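Keep in mind it's a predicted model, so treat the numbers as computed, not measured. Every chain is numbered from 1 and lettered A, B, ... according to where its sequence line falls, protein lines coming before strand lines.
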Amino acid sequence: MKKDINSPPKTVASKNETYSFFEDVYDVVRQIPAGRVTTYGAIAKYLGTGSSARMVGWAMNAAHVAVPEVPAHRVINRNGMLTGKHHFATPTLMEELLNTEKIIVKNETVVEFEKLFWDPAVHLGL
DNA sequence: GCATTGACGAAGG
DNA sequence: CCCTTCGCCAATG
């Protein structure tokens, strides 16, 4: 697990922890293959259920300023809905990015989400 | 330092 | 089956 992020958030959870929860989240999200999507809960579970899925979403909020760019558009909630689209530069940006990756979005929801679902716990061999 | 909120999720009514 | 509540954990007011 590499954690070579250029600008990690200084405001990390535990000061004693060498790496923050954010770095781990970014690292996982960047490994999501194009055309695939995952959920906040799946990431949280992969990192250890100790941190709830909400923290993953919060990490995504900071991901906008993370380097390299984190494909946050591939991370959606467990219903396959693009709940975080309003946090992008434009409300339609997330949907457009997914379209670029051949992902069909209908009514703020990824079509055949279950088929496109990419589980880090499985793919990364948890 | 306490109260509220948040890109979630599971459980209960 | 739809809607409401609670739990998580950190950030912000």
Among [options], the nucleotide that comes nearest once only the side chain of [X] is considered:
| X | options | value |
| --- | --- | --- |
| A:Arg78 | C:dA11, B:dA7, B:dA10 | B:dA10 |
| A:Met55 | B:dA7, B:dG6, C:dC8 | B:dG6 |
| A:Trp58 | B:dG9, B:dA7, B:dG6 | B:dG6 |
| A:Phe88 | C:dC9, B:dA7, B:dG9 | B:dA7 |

Just checking [X]: base, sugar-phosphate only, or nothing, at a heavy-atom cut-off of under 4.0 Å?
| X | result |
| --- | --- |
| A:Ala72 | base |
| A:Thr49 | nothing |
| A:Asn61 | base |

Donor-acceptor pair between A:Gln31 and A:His123 side chains, under 3.5 angstrom: no

Side-chain donor/acceptor of A:His73 to base of B:dA7, under 3.5 Å: no

Within this structure, what is the [atom1]-to-[atom2] distance between [X] and [N], rounded to whole angstrom?
| X | N | atom1 | atom2 | answer |
| --- | --- | --- | --- | --- |
| A:Lys45 | B:dA10 | NZ | C1' | 11 Å |
| A:Leu47 | B:dG9 | CG | P | 14 Å |
| A:Asn79 | C:dC2 | CG | C1' | 13 Å |
| A:Leu97 | B:dA7 | CG | P | 19 Å |
| A:Tyr40 | B:dG9 | OH | P | 8 Å |

Euclidean distance for P, C:dC8 against B:dG1 (whole angstrom): 23 Å

Which atom of A:Met94 lies closest to which atom of A:Ala72, heavy atoms considered: CE-O, 4.0 Å

Side-chain heavy-atom pair A:Leu82, A:Leu98 within 4.5 angstrom cut-off: yes

